[in-house]
Amino acid sequence: DDHEELHRHLSLFDLVCIGVGATVGSGVFVLIGLIAHTSAGPAVFLSWGIAGIAALASGLCYAELGGRFPEAGSSYLYAKETMGEL
């Protein structure tokens with residue numbers, strides 16, 4: 001079987017990047033909450049709902065593509081498989 005598998009390996013740099021990304025990501029949510037509290041009003045609920053539906057649709061699309069093309073990959077692999085090499 002010539003199926004190639006990915007190796008499980010995280011370096012110190014990878015772990016630091018994950019930690020920084022989590023910190024920045026949580027800061028974004030805190031800032032959005034502060035802005036919503038001070039200046040936006042009840043329309044924030046609608047915008048979060050629309051964003052949630054869009055994120056759900058995106059996740060379902062990735063799940064469908066992951067089931068259809070089970071190789072390890074990402075958006076590039078899915079685009080290459082559906083549209084061919086450009």
Side-chain angles (χ1 to χ4, degrees):
D1 187 31
D2 59 0
H3 183 70
E4 215 173 293
E5 292 186 17
L6 297 176
H7 299 286
R8 294 181 181 191
H9 175 73
L10 289 176
S11 66
L12 178 62
F13 178 73
D14 298 329
L15 295 173
V16 169
C17 286
I18 290 171
V20 169
T23 303
V24 170
S26 64
V28 166
F29 287 111
V30 169
L31 182 62
I32 288 173
L34 180 65
I35 292 171
H37 176 70
T38 58
S39 60
V44 173
F45 178 75
L46 293 175
S47 67
W48 277 96
I50 292 169
I53 291 170
L56 176 68
S58 175
L60 290 174
C61 288
Y62 268 105
E64 177 70 26
L65 288 170
R68 189 168 298 253
F69 306 115
E71 301 91 22
S74 65
S75 299
Y76 172 75
L77 174 72
Y78 303 144
K80 185 181 97 173
E81 289 291 329
T82 56
M83 295 186 289
E85 288 201 41
L86 300 176

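The other members of the hydrophobic cluster of L56, by chain and number, are L60 (side-chain heavy atoms under 4.5 Å, ILVMFWY only). Think of V16 as one node in a network of Ile, Leu, Val, Met, Phe, Trp and Tyr side chains linked at under 4.5 Å; its network also takes in L12, V20, V24.
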Name each donor-acceptor pair under 3.5 Å that joins a side chain in residues 45-53 to protein atoms two or more places apart or in another chain, with its distance.
{"from": "S47", "atom 1": "OG", "to": "V44", "atom 2": "O", "distance (Å)": "2.8"}

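Every residue meeting the side-chain contact (heavy atoms from CB on, under 4.5 Å) condition with Y62, not counting sequence neighbours, appears here in chain and number order: S58, S75, Y78. Shown here are the side-chain contact (heavy atoms from CB on, under 4.5 Å) partners of S11, two or more places apart in sequence or in another chain: H9, F13, D14.
Among pairs with a residue in residues 43-67, those fulfilling salt bridge (charged side-chain N to carboxylate O under 4.0 Å, His left out) read E64-R68, at least two apart in sequence or across chains. For residues 21-36, there are no salt bridge (charged side-chain N to carboxylate O under 4.0 Å, His left out) pairs, not counting sequence neighbours. Applying the side-chain hydrogen bond (donor to acceptor under 3.5 Å, both in side chains) rule to pairs touching residues 24-34 yields nothing, sequence neighbours excluded.
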